[in-house]
Amino acid sequence: MDKKNALRAGALAAGTTLMMLLMTSPALALTRDDGDDPGKGLSVVETLGLYVVIPLALFGVIAGLVLVLDRSKDRQPKAKAKA
């Protein structure tokens, strides 16, 4: 019975995704709105820097600050009491 429900859920998800893809029209992206003034596009290097390098650098800075500023003293594993 679980296999039947999984198949039904998969078919529903696939059907929903297909309908969403068919209903979105990429041709609408070419229509400019009033007041739309797009700037120049980003180069590959600028795109990688903006969406890859900067987030990784921010993650590194935050992780480094957490490690440096962590003042916890109880880092040793607690010994189990023998009974």
Side-chain angles (χ1 to χ4, degrees):
M1 199 63 168
D2 290 337
K3 193 173 187 179
K4 192 175 186 180
N5 285 340
L7 186 62
R8 184 179 297 150
L12 180 67
T16 304
T17 303
L18 183 63
M19 288 304 294
M20 288 177 66
L21 286 173
L22 290 174
M23 290 173 55
T24 57
S25 176
L28 295 175
L30 297 176
T31 306
R32 296 277 181 223
D33 291 332
D34 290 338
D36 191 14
D37 188 20
K40 67 174 190 71
L42 296 175
S43 70
V44 173
V45 174
E46 290 171 334
T47 304
L48 287 175
L50 184 62
Y51 294 109
V52 176
V53 175
I54 291 176
L56 286 175
L58 283 173
F59 177 80
V61 167
I62 292 170
L65 286 173
V66 168
L67 287 174
V68 168
L69 298 177
D70 184 22
R71 302 201 187 273
S72 298
K73 300 294 184 211
D74 59 350
R75 291 285 179 214
Q76 300 300 323
K78 297 193 181 352
K80 293 184 180 179
K82 293 184 179 181

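We're numbering straight along the sequence, starting at 1.
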Does one hydrophobic cluster hold both Ile54 and Tyr51, with members joined at side-chain heavy-atom distances below 4.5 Å?
-> yes
Does Leu50 share a hydrophobic cluster with Leu58, counting links as ILVMFWY side-chain heavy atoms below 4.5 Å and allowing steps through other members?
->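 Leu50 and Leu58: one cluster.
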All N/O donor-acceptor pairs, side-chain side in residues 12-21, below 3.5 Å, sequence neighbours left out:
{"from": "Thr16", "atom 1": "OG1", "to": "Leu12", "atom 2": "O", "distance (Å)": "2.8"}
{"from": "Thr17", "atom 1": "OG1", "to": "Ala13", "atom 2": "O", "distance (Å)": "2.8"}

side-chain contact (heavy atoms from CB on, under 4.5 Å) partners of Val52, counting only residues at least two apart |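 If we apply the side-chain contact (heavy atoms from CB on, under 4.5 Å) test to Val52, skipping adjacent residues, the hits are Leu48, Leu56.
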